[in-house]
Amino acid sequence: MTQATVDRHVVIVGASLAGTRTAQGLRALGHTGPVTLIGAEAELPYDRPPLSKHLLKGEWSESSVDGIRLATRAELEELGVELRLGSAAVGLDAGARLVRLADDTTVPYDVLVIATGAAARPSPWLPPSGVHQLRTLEDARAIAARLALGEPVVVVGGGFIGTEIAAAARAHGCEVTVVDPVPEPMARLVGPEIAGSLVALHQRNGARTRFGVGVVGIEGKAGDLTVELDNGERIFASTAVVGIGSVPSTDWLTASGLTLDNGVVTDHFLRAIGAEDVYAIGDVARWPHPGRGVGVRAEHWTNAGDQARYVAAAVTQGVEAGYEPTDYVWSDQYDWKVNAFGWRDAAGSSVVIGDLDVDGRAAVVHTDADGALSGAVTVNWVRALNQARRLLAAGASAEAVVDAIGQLP
Ligand SMILES: Cc1cc2nc3c(=O)[nH]c(=O)nc-3n(C[C@H](O)[C@H](O)[C@H](O)COP(=O)(O)OP(=O)(O)OC[C@H]3O[C@@H](n4cnc5c(N)ncnc54)[C@H](O)[C@@H]3O)c2cc1C
(Lines give C-alpha, C1' and ligand atoms only; values in the text may rest on other atoms or scores of the structure.)
Protein backbone atom coordinates (compact mmCIF):
# COMPACT_ATOMS: atom_id res chain seq x y z
CA MET A 1 0.00 0.00 0.00
CA THR A 2 1.40 3.42 -0.93
CA GLN A 3 1.26 6.26 1.62
CA ALA A 4 -1.60 8.63 0.81
CA THR A 5 -2.92 12.03 1.83
CA VAL A 6 -4.78 14.70 -0.10
CA ASP A 7 -3.01 17.80 1.18
CA ARG A 8 0.60 17.44 0.08
CA HIS A 9 2.23 19.68 -2.54
CA VAL A 10 2.45 17.61 -5.71
CA VAL A 11 4.90 18.88 -8.30
CA ILE A 12 4.58 17.37 -11.78
CA VAL A 13 7.45 17.86 -14.21
CA GLY A 14 6.35 17.47 -17.85
CA ALA A 15 3.15 19.21 -18.98
CA SER A 16 1.96 16.81 -21.63
CA LEU A 17 -0.37 13.82 -21.56
CA ALA A 18 0.94 12.04 -18.47
CA GLY A 19 1.52 15.26 -16.52
CA THR A 20 -1.79 16.92 -17.36
CA ARG A 21 -3.81 13.76 -16.70
CA THR A 22 -2.09 13.44 -13.31
CA ALA A 23 -3.06 16.99 -12.33
CA GLN A 24 -6.65 16.43 -13.47
CA GLY A 25 -6.75 13.01 -11.78
CA LEU A 26 -5.53 14.40 -8.46
CA ARG A 27 -8.32 16.97 -8.34
CA ALA A 28 -10.93 14.43 -9.50
CA LEU A 29 -9.93 12.26 -6.53
CA GLY A 30 -10.24 15.10 -4.04
CA HIS A 31 -6.64 16.26 -3.71
CA THR A 32 -6.75 19.57 -1.84
CA GLY A 33 -3.03 20.39 -1.60
CA PRO A 34 -1.16 22.56 -4.11
CA VAL A 35 -0.48 21.08 -7.55
CA THR A 36 2.26 22.58 -9.73
CA LEU A 37 2.65 21.58 -13.37
CA ILE A 38 6.04 22.40 -14.90
CA GLY A 39 6.62 22.19 -18.66
CA ALA A 40 9.61 22.93 -20.86
CA GLU A 41 7.39 23.89 -23.81
CA ALA A 42 5.69 27.28 -23.69
CA GLU A 43 2.58 25.69 -25.28
CA LEU A 44 -0.47 24.76 -23.26
CA PRO A 45 -0.59 20.95 -22.99
CA TYR A 46 -1.57 19.22 -26.25
CA ASP A 47 -1.99 15.73 -27.62
CA ARG A 48 0.73 14.30 -29.88
CA PRO A 49 -0.93 11.52 -31.96
CA PRO A 50 -2.86 14.00 -34.16
CA LEU A 51 0.44 15.69 -35.07
CA SER A 52 1.40 12.87 -37.47
CA LYS A 53 -2.20 12.19 -38.56
CA HIS A 54 -4.94 14.65 -39.52
CA LEU A 55 -2.99 17.75 -38.49
CA LEU A 56 -0.20 17.04 -40.97
CA LYS A 57 -2.57 15.85 -43.67
CA GLY A 58 -4.89 18.80 -43.79
CA GLU A 59 -4.55 22.51 -44.09
CA TRP A 60 -2.79 23.72 -40.95
CA SER A 61 -4.87 26.13 -38.95
CA GLU A 62 -4.58 27.43 -35.42
CA SER A 63 -8.21 26.37 -34.77
CA SER A 64 -7.25 22.76 -35.53
CA VAL A 65 -4.50 23.19 -32.92
CA ASP A 66 -7.10 24.31 -30.35
CA GLY A 67 -8.81 20.96 -30.91
CA ILE A 68 -5.83 18.98 -29.64
CA ARG A 69 -5.32 20.82 -26.35
CA LEU A 70 -5.46 18.52 -23.33
CA ALA A 71 -6.79 21.37 -21.18
CA THR A 72 -7.38 25.08 -21.49
CA ARG A 73 -5.71 27.64 -19.24
CA ALA A 74 -9.11 28.37 -17.68
CA GLU A 75 -9.71 24.68 -16.91
CA LEU A 76 -6.34 24.35 -15.22
CA GLU A 77 -6.93 27.56 -13.28
CA GLU A 78 -10.30 26.27 -12.14
CA LEU A 79 -8.60 23.10 -10.91
CA GLY A 80 -6.15 25.24 -8.96
CA VAL A 81 -3.16 23.94 -10.88
CA GLU A 82 -0.21 26.30 -10.89
CA LEU A 83 1.23 26.28 -14.40
CA ARG A 84 4.94 26.91 -14.97
CA LEU A 85 5.20 26.63 -18.76
CA GLY A 86 8.32 27.43 -20.76
CA SER A 87 10.48 26.54 -17.76
CA ALA A 88 12.43 23.29 -18.02
CA ALA A 89 13.54 21.45 -14.91
CA VAL A 90 17.32 21.22 -14.94
CA GLY A 91 18.01 19.43 -11.69
CA LEU A 92 16.54 17.47 -8.81
CA ASP A 93 17.75 17.47 -5.19
CA ALA A 94 15.75 14.50 -3.93
CA GLY A 95 17.17 14.80 -0.40
CA ALA A 96 16.00 18.40 0.00
CA ARG A 97 12.88 17.71 -2.15
CA LEU A 98 13.62 20.54 -4.58
CA VAL A 99 13.29 20.80 -8.35
CA ARG A 100 15.59 23.36 -9.96
CA LEU A 101 14.39 25.19 -13.07
CA ALA A 102 16.30 26.70 -16.00
CA ASP A 103 15.52 30.22 -14.70
CA ASP A 104 17.46 29.30 -11.54
CA THR A 105 14.40 29.18 -9.30
CA THR A 106 13.63 26.13 -7.18
CA VAL A 107 10.29 24.49 -6.52
CA PRO A 108 9.84 22.50 -3.29
CA TYR A 109 7.63 19.39 -3.30
CA ASP A 110 6.19 16.79 -0.99
CA VAL A 111 5.48 14.43 -3.88
CA LEU A 112 7.19 14.61 -7.27
CA VAL A 113 5.76 13.09 -10.46
CA ILE A 114 8.27 12.82 -13.29
CA ALA A 115 6.45 12.94 -16.64
CA THR A 116 9.11 14.37 -18.94
CA GLY A 117 8.41 11.87 -21.73
CA ALA A 118 10.82 11.45 -24.56
CA ALA A 119 12.42 13.43 -27.37
CA ALA A 120 13.05 12.41 -30.96
CA ARG A 121 16.33 10.53 -31.29
CA PRO A 122 18.54 13.23 -32.81
CA SER A 123 19.24 12.99 -36.52
CA PRO A 124 22.88 12.06 -37.19
CA TRP A 125 22.59 14.07 -40.43
CA LEU A 126 22.39 17.81 -39.96
CA PRO A 127 22.73 19.93 -43.07
CA PRO A 128 22.04 23.64 -42.43
CA SER A 129 18.31 23.25 -43.22
CA GLY A 130 15.75 20.85 -44.67
CA VAL A 131 16.02 18.01 -42.13
CA HIS A 132 13.09 17.78 -39.72
CA GLN A 133 12.02 15.60 -36.82
CA LEU A 134 8.57 15.24 -35.30
CA ARG A 135 7.87 15.33 -31.57
CA THR A 136 6.37 18.73 -30.80
CA LEU A 137 3.70 21.04 -32.13
CA GLU A 138 6.46 23.37 -33.28
CA ASP A 139 8.04 20.49 -35.24
CA ALA A 140 4.66 19.67 -36.79
CA ARG A 141 4.06 23.30 -37.82
CA ALA A 142 7.42 23.33 -39.62
CA ILE A 143 6.84 19.98 -41.35
CA ALA A 144 3.28 20.94 -42.37
CA ALA A 145 4.64 24.04 -44.08
CA ARG A 146 7.16 21.93 -46.01
CA LEU A 147 4.60 19.27 -47.04
CA ALA A 148 2.21 21.96 -48.27
CA LEU A 149 4.80 22.80 -50.97
CA GLY A 150 4.09 19.42 -52.60
CA GLU A 151 7.80 18.88 -53.22
CA PRO A 152 9.73 15.57 -52.88
CA VAL A 153 10.18 14.21 -49.35
CA VAL A 154 12.43 11.51 -47.97
CA VAL A 155 11.31 9.91 -44.71
CA VAL A 156 14.09 8.14 -42.83
CA GLY A 157 12.58 5.48 -40.56
CA GLY A 158 9.69 3.15 -41.34
CA GLY A 159 8.18 3.03 -37.83
CA PHE A 160 4.76 4.29 -36.77
CA ILE A 161 5.63 7.96 -37.01
CA GLY A 162 7.69 7.74 -40.19
CA THR A 163 4.99 5.86 -42.08
CA GLU A 164 2.25 8.21 -40.86
CA ILE A 165 4.32 11.18 -42.06
CA ALA A 166 4.80 9.45 -45.42
CA ALA A 167 1.02 9.03 -45.73
CA ALA A 168 0.51 12.71 -44.87
CA ALA A 169 3.10 13.74 -47.45
CA ARG A 170 1.30 11.66 -50.10
CA ALA A 171 -1.96 13.39 -49.15
CA HIS A 172 -0.22 16.66 -50.08
CA GLY A 173 0.83 15.15 -53.42
CA CYS A 174 4.52 15.00 -52.49
CA GLU A 175 6.72 12.38 -54.08
CA VAL A 176 7.76 10.29 -51.05
CA THR A 177 10.52 7.78 -50.41
CA VAL A 178 10.66 5.89 -47.10
CA VAL A 179 14.11 4.54 -46.19
CA ASP A 180 14.84 2.04 -43.42
CA PRO A 181 17.77 -0.33 -42.90
CA VAL A 182 15.38 -3.08 -41.78
CA PRO A 183 14.10 -5.16 -44.75
CA GLU A 184 10.50 -5.13 -43.47
CA PRO A 185 10.21 -2.28 -40.96
CA MET A 186 6.41 -2.62 -40.71
CA ALA A 187 7.05 -5.97 -39.00
CA ARG A 188 7.88 -3.95 -35.89
CA LEU A 189 4.36 -2.55 -35.95
CA VAL A 190 2.26 -5.52 -36.98
CA GLY A 191 4.55 -8.56 -36.93
CA PRO A 192 6.05 -10.32 -39.96
CA GLU A 193 2.80 -12.13 -40.86
CA ILE A 194 1.07 -9.08 -42.31
CA ALA A 195 3.95 -6.60 -42.64
CA GLY A 196 4.16 -7.22 -46.40
CA SER A 197 0.56 -6.03 -46.84
CA LEU A 198 1.41 -2.77 -45.10
CA VAL A 199 4.43 -2.22 -47.31
CA ALA A 200 2.19 -2.89 -50.32
CA LEU A 201 -0.34 -0.39 -48.97
CA HIS A 202 2.29 2.34 -48.95
CA GLN A 203 3.43 1.40 -52.43
CA ARG A 204 -0.16 1.35 -53.74
CA ASN A 205 -0.53 4.87 -52.38
CA GLY A 206 2.47 5.96 -54.38
CA ALA A 207 5.20 5.96 -51.70
CA ARG A 208 8.53 4.55 -52.84
CA THR A 209 10.28 2.29 -50.34
CA ARG A 210 13.97 1.63 -49.88
CA PHE A 211 14.01 -1.04 -47.17
CA GLY A 212 17.08 -2.98 -46.07
CA VAL A 213 19.13 0.07 -47.08
CA GLY A 214 20.71 2.60 -44.71
CA VAL A 215 21.30 6.34 -45.07
CA VAL A 216 24.96 7.34 -45.08
CA GLY A 217 24.52 11.09 -45.43
CA ILE A 218 22.18 13.98 -46.13
CA GLU A 219 23.68 17.04 -47.78
CA GLY A 220 22.48 20.31 -49.23
CA LYS A 221 19.78 22.54 -47.82
CA ALA A 222 16.00 22.87 -47.72
CA GLY A 223 14.64 22.58 -51.24
CA ASP A 224 17.83 20.96 -52.51
CA LEU A 225 18.84 17.93 -50.45
CA THR A 226 20.70 14.80 -51.50
CA VAL A 227 20.14 11.69 -49.40
CA GLU A 228 22.87 9.15 -49.99
CA LEU A 229 22.12 5.48 -49.32
CA ASP A 230 24.58 2.72 -48.47
CA ASN A 231 23.82 0.97 -51.79
CA GLY A 232 25.22 4.04 -53.58
CA GLU A 233 21.83 5.42 -54.58
CA ARG A 234 21.30 9.19 -54.23
CA ILE A 235 17.79 10.51 -53.71
CA PHE A 236 16.99 14.16 -54.29
CA ALA A 237 14.46 15.76 -52.00
CA SER A 238 13.21 19.13 -50.90
CA THR A 239 12.63 17.95 -47.31
CA ALA A 240 13.83 15.03 -45.19
CA VAL A 241 12.04 13.88 -42.06
CA VAL A 242 14.06 11.67 -39.75
CA GLY A 243 12.01 9.40 -37.47
CA ILE A 244 14.45 6.96 -35.91
CA GLY A 245 12.96 6.48 -32.47
CA SER A 246 13.08 8.45 -29.30
CA VAL A 247 15.17 8.91 -26.18
CA PRO A 248 13.72 9.41 -22.69
CA SER A 249 14.10 12.96 -21.30
CA THR A 250 16.22 12.21 -18.23
CA ASP A 251 19.21 14.55 -18.69
CA TRP A 252 17.98 16.76 -15.85
CA LEU A 253 18.06 13.78 -13.48
CA THR A 254 21.65 12.66 -14.05
CA ALA A 255 22.88 13.83 -10.63
CA SER A 256 19.63 13.09 -8.78
CA GLY A 257 20.51 9.68 -7.38
CA LEU A 258 17.51 8.11 -9.15
CA THR A 259 18.19 4.89 -11.02
CA LEU A 260 18.28 5.71 -14.73
CA ASP A 261 18.46 3.01 -17.38
CA ASN A 262 16.89 4.05 -20.67
CA GLY A 263 14.30 5.90 -18.58
CA VAL A 264 13.58 6.41 -14.89
CA VAL A 265 13.45 2.95 -13.32
CA THR A 266 10.45 2.36 -11.03
CA ASP A 267 8.98 -0.37 -8.88
CA HIS A 268 5.57 -1.97 -9.51
CA PHE A 269 3.89 1.06 -7.91
CA LEU A 270 5.62 3.41 -10.39
CA ARG A 271 7.77 4.80 -7.55
CA ALA A 272 11.16 5.88 -8.83
CA ILE A 273 14.00 3.81 -7.42
CA GLY A 274 16.42 5.93 -5.41
CA ALA A 275 14.21 8.54 -3.70
CA GLU A 276 11.15 8.84 -1.47
CA ASP A 277 7.82 10.11 -2.79
CA VAL A 278 8.95 10.34 -6.40
CA TYR A 279 6.93 8.67 -9.16
CA ALA A 280 7.75 8.33 -12.87
CA ILE A 281 5.08 7.80 -15.52
CA GLY A 282 4.50 7.85 -19.27
CA ASP A 283 7.18 7.63 -21.95
CA VAL A 284 10.00 8.47 -19.51
CA ALA A 285 9.31 5.60 -17.07
CA ARG A 286 10.75 2.10 -17.16
CA TRP A 287 8.54 -0.09 -14.99
CA PRO A 288 8.39 -3.82 -14.27
CA HIS A 289 5.79 -5.30 -16.63
CA PRO A 290 3.90 -7.94 -14.65
CA GLY A 291 3.10 -10.11 -17.70
CA ARG A 292 6.42 -9.90 -19.49
CA GLY A 293 8.56 -10.11 -16.37
CA VAL A 294 10.96 -7.41 -17.64
CA GLY A 295 11.32 -3.64 -17.34
CA VAL A 296 9.37 -1.87 -20.06
CA ARG A 297 9.35 1.71 -21.29
CA ALA A 298 6.11 1.98 -23.25
CA GLU A 299 5.77 4.89 -25.65
CA HIS A 300 2.05 4.71 -26.06
CA TRP A 301 -0.73 7.16 -25.43
CA THR A 302 -2.95 4.77 -23.46
CA ASN A 303 -0.14 3.86 -21.10
CA ALA A 304 0.65 7.50 -20.28
CA GLY A 305 -2.98 8.23 -19.37
CA ASP A 306 -3.42 5.00 -17.42
CA GLN A 307 -0.25 5.58 -15.42
CA ALA A 308 -1.34 9.15 -14.64
CA ARG A 309 -4.65 7.90 -13.25
CA TYR A 310 -2.85 5.19 -11.27
CA VAL A 311 -0.42 7.65 -9.65
CA ALA A 312 -3.20 10.15 -8.88
CA ALA A 313 -4.92 7.32 -6.99
CA ALA A 314 -1.67 6.25 -5.31
CA VAL A 315 -1.05 9.79 -4.02
CA THR A 316 -4.57 10.59 -2.85
CA GLN A 317 -5.98 7.25 -1.72
CA GLY A 318 -3.15 4.75 -1.70
CA VAL A 319 -3.08 1.66 -3.90
CA GLU A 320 -2.65 -1.94 -2.85
CA ALA A 321 -1.74 -3.49 -6.17
CA GLY A 322 1.00 -2.61 -8.62
CA TYR A 323 0.29 -0.97 -11.98
CA GLU A 324 -1.41 -3.29 -14.51
CA PRO A 325 -0.89 -2.06 -18.08
CA THR A 326 -3.52 -2.03 -20.81
CA ASP A 327 -0.81 -2.48 -23.47
CA TYR A 328 -2.84 -0.88 -26.23
CA VAL A 329 -1.59 1.06 -29.22
CA TRP A 330 -2.98 2.19 -32.57
CA SER A 331 -1.75 3.70 -35.78
CA ASP A 332 -3.45 5.15 -38.87
CA GLN A 333 -1.80 4.24 -42.14
CA TYR A 334 -3.63 5.92 -45.04
CA ASP A 335 -7.21 4.72 -44.50
CA TRP A 336 -6.12 1.58 -42.64
CA LYS A 337 -6.54 1.33 -38.88
CA VAL A 338 -3.93 -0.73 -37.06
CA ASN A 339 -4.66 -1.69 -33.43
CA ALA A 340 -2.58 -3.81 -31.11
CA PHE A 341 -2.79 -4.88 -27.51
CA GLY A 342 -0.67 -7.11 -25.35
CA TRP A 343 2.70 -8.16 -26.68
CA ARG A 344 4.48 -10.52 -28.95
CA ASP A 345 6.83 -13.02 -27.30
CA ALA A 346 9.82 -13.86 -29.50
CA ALA A 347 9.66 -17.42 -28.15
CA GLY A 348 5.88 -17.69 -28.72
CA SER A 349 3.84 -18.13 -31.88
CA SER A 350 1.21 -16.25 -33.87
CA VAL A 351 -1.91 -17.23 -35.82
CA VAL A 352 -3.30 -15.10 -38.65
CA ILE A 353 -7.05 -14.88 -39.24
CA GLY A 354 -8.25 -13.37 -42.51
CA ASP A 355 -6.28 -12.17 -45.49
CA LEU A 356 -5.61 -8.44 -45.63
CA ASP A 357 -5.02 -8.45 -49.36
CA VAL A 358 -8.26 -10.32 -50.09
CA ASP A 359 -10.65 -9.32 -47.28
CA GLY A 360 -9.15 -5.92 -46.47
CA ARG A 361 -8.96 -6.93 -42.80
CA ALA A 362 -6.98 -9.35 -40.68
CA ALA A 363 -6.12 -10.28 -37.10
CA VAL A 364 -2.98 -11.86 -35.69
CA VAL A 365 -3.28 -13.60 -32.31
CA HIS A 366 -0.08 -14.04 -30.26
CA THR A 367 0.72 -16.69 -27.70
CA ASP A 368 3.71 -16.63 -25.37
CA ALA A 369 6.33 -19.37 -24.96
CA ASP A 370 3.93 -21.29 -22.65
CA GLY A 371 1.14 -21.18 -25.21
CA ALA A 372 -0.89 -18.59 -23.27
CA LEU A 373 -2.62 -15.74 -25.09
CA SER A 374 -0.33 -12.67 -24.93
CA GLY A 375 -1.84 -10.20 -27.39
CA ALA A 376 -3.25 -9.48 -30.82
CA VAL A 377 -2.93 -7.10 -33.75
CA THR A 378 -5.86 -6.22 -35.95
CA VAL A 379 -6.00 -4.23 -39.14
CA ASN A 380 -9.33 -2.66 -40.14
CA TRP A 381 -11.14 -5.04 -37.77
CA VAL A 382 -12.19 -3.39 -34.54
CA ARG A 383 -14.72 -6.11 -33.71
CA ALA A 384 -11.94 -8.69 -33.71
CA LEU A 385 -9.86 -6.44 -31.48
CA ASN A 386 -12.69 -5.97 -28.99
CA GLN A 387 -13.46 -9.68 -29.00
CA ALA A 388 -9.81 -10.58 -28.33
CA ARG A 389 -9.48 -7.99 -25.53
CA ARG A 390 -12.65 -9.22 -23.86
CA LEU A 391 -11.54 -12.84 -24.02
CA LEU A 392 -8.03 -12.02 -22.77
CA ALA A 393 -9.54 -10.23 -19.78
CA ALA A 394 -11.73 -13.27 -19.13
CA GLY A 395 -8.65 -15.52 -19.13
CA ALA A 396 -9.58 -17.35 -22.35
CA SER A 397 -7.11 -19.51 -24.28
CA ALA A 398 -5.52 -18.41 -27.54
CA GLU A 399 -7.49 -21.17 -29.36
CA ALA A 400 -10.76 -19.75 -28.02
CA VAL A 401 -9.82 -16.30 -29.31
CA VAL A 402 -8.85 -17.62 -32.72
CA ASP A 403 -12.15 -19.55 -32.92
CA ALA A 404 -14.22 -16.57 -31.80
CA ILE A 405 -12.59 -14.19 -34.29
CA GLY A 406 -12.88 -16.79 -37.05
CA GLN A 407 -16.66 -16.88 -36.51
CA LEU A 408 -17.14 -13.12 -36.75
CA PRO A 409 -19.24 -12.07 -39.76
C1 LIG B 1 3.92 12.42 -33.69
C2 LIG B 1 3.50 11.41 -32.67
C3 LIG B 1 2.45 10.53 -32.95
C4 LIG B 1 2.07 9.59 -32.00
N5 LIG B 1 1.05 8.72 -32.31
C6 LIG B 1 0.67 7.78 -31.40
C7 LIG B 1 -0.36 6.85 -31.71
O8 LIG B 1 -0.95 6.86 -32.79
N9 LIG B 1 -0.70 5.93 -30.76
C10 LIG B 1 -0.07 5.89 -29.53
O11 LIG B 1 -0.40 5.03 -28.71
N12 LIG B 1 0.91 6.76 -29.23
C13 LIG B 1 1.30 7.69 -30.14
N14 LIG B 1 2.32 8.57 -29.83
C15 LIG B 1 2.97 8.46 -28.51
C16 LIG B 1 2.24 9.30 -27.46
O17 LIG B 1 1.99 10.58 -27.93
C18 LIG B 1 3.12 9.32 -26.21
O19 LIG B 1 3.13 8.01 -25.69
C20 LIG B 1 2.62 10.32 -25.17
O21 LIG B 1 2.70 11.63 -25.68
C22 LIG B 1 3.46 10.19 -23.91
O23 LIG B 1 3.09 11.19 -23.01
P24 LIG B 1 4.08 11.73 -21.90
O25 LIG B 1 3.32 12.80 -21.21
O26 LIG B 1 4.62 10.59 -21.13
O27 LIG B 1 5.35 12.32 -22.68
P28 LIG B 1 5.47 13.47 -23.75
O29 LIG B 1 4.22 13.57 -24.55
O30 LIG B 1 6.77 13.23 -24.44
O31 LIG B 1 5.58 14.81 -22.90
C32 LIG B 1 6.64 15.10 -22.05
C33 LIG B 1 6.62 16.59 -21.80
O34 LIG B 1 7.64 16.88 -20.86
C35 LIG B 1 8.34 18.03 -21.26
N36 LIG B 1 9.70 17.99 -20.70
C37 LIG B 1 10.75 17.25 -21.10
N38 LIG B 1 11.83 17.51 -20.33
C39 LIG B 1 11.44 18.44 -19.43
C40 LIG B 1 12.08 19.10 -18.37
N41 LIG B 1 13.36 18.84 -18.06
N42 LIG B 1 11.38 20.00 -17.64
C43 LIG B 1 10.08 20.27 -17.93
N44 LIG B 1 9.41 19.65 -18.93
C45 LIG B 1 10.07 18.75 -19.67
C46 LIG B 1 8.34 17.94 -22.77
O47 LIG B 1 8.57 19.21 -23.34
C48 LIG B 1 6.94 17.41 -23.04
O49 LIG B 1 6.02 18.45 -23.19
C50 LIG B 1 2.73 9.51 -30.77
C51 LIG B 1 3.80 10.40 -30.49
C52 LIG B 1 4.18 11.33 -31.42
C53 LIG B 1 5.34 12.26 -31.12
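Each ligand, and each atom within it, is numbered from 1 in the order the structure gives. What you see is a predicted model; the values in this text were computed from it and never measured.
Nearest-heavy-atom check against atom 44 (N) of ligand 1 across G305, A40, S16 picks out A40. Comparing V329, L253, I161 by heavy-atom distance to atom 53 (C) of ligand 1, the nearest is I161. Proximity annotation for atom 5 (N) of ligand 1: of R21, K53, R135, R48, K53 comes nearest, heavy atoms only.
Listed by first then second residue, pairs satisfying salt bridge (charged side-chain N to carboxylate O under 4.0 Å, His left out) with a partner in residues 94-113 read R84-D103, R97-D277, not counting sequence neighbours.
Under a 4.0 Å N-O distance rule, the pair R69/E43 qualifies as a salt bridge.
Residue-to-ligand polar distances place A18 within reach of ligand 1: an N/O pair is separated by less than 3.5 Å. Residue-to-ligand polar distances place E41 within reach of ligand 1: an N/O pair is separated by less than 3.5 Å. Where the criterion is an N or O separation shorter than 3.5 Å, residue side chain and backbone included, L17 meets it with respect to ligand 1.
Qualifying side-chain hydrogen bond (donor to acceptor under 3.5 Å, both in side chains) partners for S52, counting only residues two or more places apart in sequence or in other chains: E164.
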- prompt: Would D66 and S63 count as a side-chain hydrogen bond (donor to acceptor under 3.5 Å, both in side chains) if you check the C-alpha gap in whole Å, the side-chain angles of each, and the deciding distance to 0.1 Å?
  reply: CA-CA 5 Å; D66 287 343; S63 61; over 6 Å; no
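Separation of the W343 and H289 ring centroids falls under the 6.0 Å cut-off.
Put simply, no part of E43 is less than 4.0 Å from ligand 1, judged by heavy atoms.
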